[in-house]
Q: 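Just dropping this structure here.
In the text below, chain A, chain B and the rest are named by the order of the sequence lines, each starting its count at 1. All figures in this text were calculated on a predicted structure; none of them were measured in a lab. Reckoned from all heavy atoms, side chains included, excluding hydrogens, waters and symmetry mates.
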2 protein chains.
Amino acid sequence: MPSSIPDIVISRLPIYLRALERLSQEGHEVTSSHELGKRLGISSAQIRKDLSHFGGFGKQGTGYKIAFLREQLRQVLKVEREWEVALVGAGDLGSAVARYKGFAERGFHIACVFDSSPEKVGRSIDKFSIQSIDQLPSIIQERGIRIAMIAVPAEHAQEVANTLVGAGVKAILNYAPINLSVPDDVHVQYIDPVLHLQRMTYYLT
Amino acid sequence: MPSSIPDIVISRLPIYLRALERLSQEGHEVTSSHELGKRLGISSAQIRKDLSHFGGFGKQGTGYKIAFLREQLRQVLKVEREWEVALVGAGDLGSAVARYKGFAERGFHIACVFDSSPEKVGRSIDKFSIQSIDQLPSIIQERGIRIAMIAVPAEHAQEVANTLVGAGVKAILNYAPINLSVPDDVHVQYIDPVLHLQRMTYYLT
DNA sequence: AATCTAGCGTGAAATTCGTAACAATGTTAT
DNA sequence: ATAACATTGTTACGAATTTCACGCTAGATT
């Protein structure tokens, strides 16, 4: 394993993993770089090259055993374990995120939900009881939580990020439509569906 | 303007636009590639180069007038107008999407909501009355809708996409965790928050 | 008016990324 | 057993992308 694998390669692995899980569900047991590539709209050469960064997962002549490759990718991505995630913001967006089943189904458990509004603190969303943001640092530190999602208005997102970083969070999924400044050792990913729409309107005549 | 501008450049423009709108809200009137770059974690040279694909929007020595640059980017991206968007799927995810205010605020109006379940048809989510998917082609064609969002289970996403494409949709924002096959002239963007989380766990020790 | 400074636009250089091609190797058919 | 075939892992190449560096212009300063 080279000391540093390009970021862009890492970003494709979850896509491969997702496709493998789908293939598995459909009853397939083996696949090839060609089949995967066709499904994903990615060249077979790229898939082979990406995977080869981590060692030989396939067999010449036969392709890849799906169960095995999936397990290897899970380990590379460190998603063979379960992760606890903190959610900050219990407004419309935060509530929707809290209720979304897809996180837990795929190994990311929402461990706690915070909001700054005294009205909301103490209420519940599904099984989650909303806690005051004042308690965020101590709770996150105690439970050793490393991943958080931000679903607060843009005006407060940076402030929340600072608090999270101070509490030891190292990965942030930001739903607020704003770029965050964080230390180099903290990872941030963004979700803004409007951005995706705007990327497509350019091409509409 | 070169005949073909790299996709990756286009994909950054909405990020610039979002930052400009924020700067504007904060009361700034001019900015520079350095200031923008610092906010976004992008090099100033890249910002200048990206923008220069579309003509000289700045002034040497002084930078960019925010209001002007914003308007130019809006026109380039074709988001100076309002767009109508169809939403397919009125389950948990679809309902959350329908209720999200961020789309309309930024020029994307949900024009109609479809679901295949007879139970849901006729009910409402906020102001949207859920319509049968059988009526999708005629409604989309009549209203000339070109953009759609898919929020149905993965199993049905491809089928829905085919229907949408048949009805004339040219841009799809897919919330289902599956890759879609569509003709070359149809654009697809994906939203899967779990993918983003998995991209970050790799880096957690 | 002359000088200075900030900062854009741009061509060239450097780097990163993707593709093509092929040797190696396992599988299947005869 | 041998031949024919399929498909990986990898290297070498070419394309795409980013960064560098500098000429040039607009405004600020003296």
Side-chain angles (χ1 to χ4, degrees), chain A residues 1-17 19-20 23 28-73 76 179 199 202, chain B residues 1-17 19-20 23 28-73 76 179 199 202:
Chain A
M1 290 151 267
S3 56
S4 170
I5 287 153
D7 222 67
I8 195 163
V9 172
I10 302 302
S11 78
R12 279 191 293 262
L13 298 185
I15 299 173
Y16 301 159
L17 178 56
L20 289 168
L23 280 166
H28 295 68
E29 300 209 332
V30 296
T31 188
S32 67
S33 58
H34 291 274
E35 185 180 28
L36 260 180
K38 202 169 169 193
R39 289 220 174 194
L40 299 177
I42 291 177
S43 81
S44 60
Q46 174 145 90
I47 292 175
R48 290 200 300 280
K49 188 162 209 194
D50 284 349
L51 296 178
S52 74
H53 281 101
F54 305 93
F57 293 151
K59 282 214 176 114
Q60 280 132 330
T62 60
Y64 300 93
K65 283 197 65 179
I66 289 174
F68 176 74
L69 179 54
R70 184 180 57 176
E71 197 47 40
Q72 294 299 310
L73 285 184
V76 166
N179 281 78
R199 280 173 191 162
Y202 172 80
Chain B
M1 288 148 269
S3 56
S4 169
I5 287 153
D7 222 68
I8 194 160
V9 171
I10 302 302
S11 78
R12 279 191 294 262
L13 299 185
I15 299 173
Y16 301 158
L17 178 56
L20 289 168
L23 280 165
H28 294 67
E29 300 207 333
V30 296
T31 188
S32 67
S33 58
H34 292 272
E35 185 180 27
L36 260 179
K38 201 169 171 193
R39 289 219 174 196
L40 300 177
I42 292 177
S43 82
S44 59
Q46 175 147 88
I47 292 175
R48 289 200 301 280
K49 183 150 250 198
D50 283 352
L51 296 178
S52 74
H53 281 100
F54 305 93
F57 293 151
K59 280 209 177 123
Q60 282 133 330
T62 59
Y64 301 93
K65 283 197 65 179
I66 290 174
F68 176 73
L69 180 54
R70 184 179 57 176
E71 198 47 40
Q72 294 299 311
L73 285 184
V76 166
N179 281 78
R199 280 172 190 162
Y202 171 80

Q: What residues, two or more places apart in sequence or in another chain, satisfy salt bridge (Lys or Arg N to Asp or Glu O under 4.0 Å) together with R39(B)?
A: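 If we apply the salt bridge (Lys or Arg N to Asp or Glu O under 4.0 Å) test to R39(B), skipping adjacent residues, the hits are E26(B).
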Q: Side chains of L36(A) and I42(A): closer than 4.5 Å at any heavy-atom pair?
A: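 Sidechains of I42(A) and L36(A): no contact.
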Q: First contact, last contact: which nucleotides of DNA chain C are these for chain A, 5' to 3', heavy-atom distance under 4.0 Å?
A: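 Boundary nucleotides touching chain A, in 5' to 3' order, are dC17(C) to dT27(C).
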Q: With side chains defined as the heavy atoms from C-beta onward, is the minimum distance between L13(B) and Y202(A) less than 4.5 Å?
A: no
Q: Under the side chain to side chain donor-acceptor pair (under 3.5 Å) test, which residues partner E71(A), sequence neighbours left out?
A: R74(A)
Q: When you check every protein heavy atom under 4.0 Å of nucleotides 2-12 of chain D, what one-letter string (B, S, -) results, 5' to 3'?
A: ----BBBBBBB
Q: Holding to salt bridge (Lys or Arg N to Asp or Glu O under 4.0 Å), I want the full list of residues that pass it with R199(A), two or more places apart in sequence or in another chain.
A: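 With sequence neighbours excluded, R199(A) shows a salt bridge (Lys or Arg N to Asp or Glu O under 4.0 Å) to no residue whatsoever.
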Q: In residues 7-15 of chain A, which ones come under 4.0 Å of DNA chain C, going by heavy atoms?
A: I8(A), R12(A)
Q: Could you work out, with side chain to side chain donor-acceptor pair (under 3.5 Å) as the rule, every residue matching E35(B), not counting sequence neighbours?
A: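 Side chain to side chain donor-acceptor pair (under 3.5 Å) list for E35(B), sorted by chain: T31(B).
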Q: Does some side-chain heavy atom of F54(B) sit less than 4.5 Å from a side-chain heavy atom of I5(B)?
A: yes
Q: Restricting to salt bridge (Lys or Arg N to Asp or Glu O under 4.0 Å), what partner residues turn up for R12(B), sequence neighbours left out?
A: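 Salt bridge (Lys or Arg N to Asp or Glu O under 4.0 Å) check on R12(B) returns D50(B).
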Q: Run the side-chain contact (heavy atoms from CB on, under 4.5 Å) test against K65(B) and tell me which residues pass, sequence neighbours left out.
A: V30(B), F68(B)
Q: Please identify each residue that fulfils side-chain contact (heavy atoms from CB on, under 4.5 Å) with S44(A), with sequence neighbours left out.
A: S33(A), H34(A), R48(A)
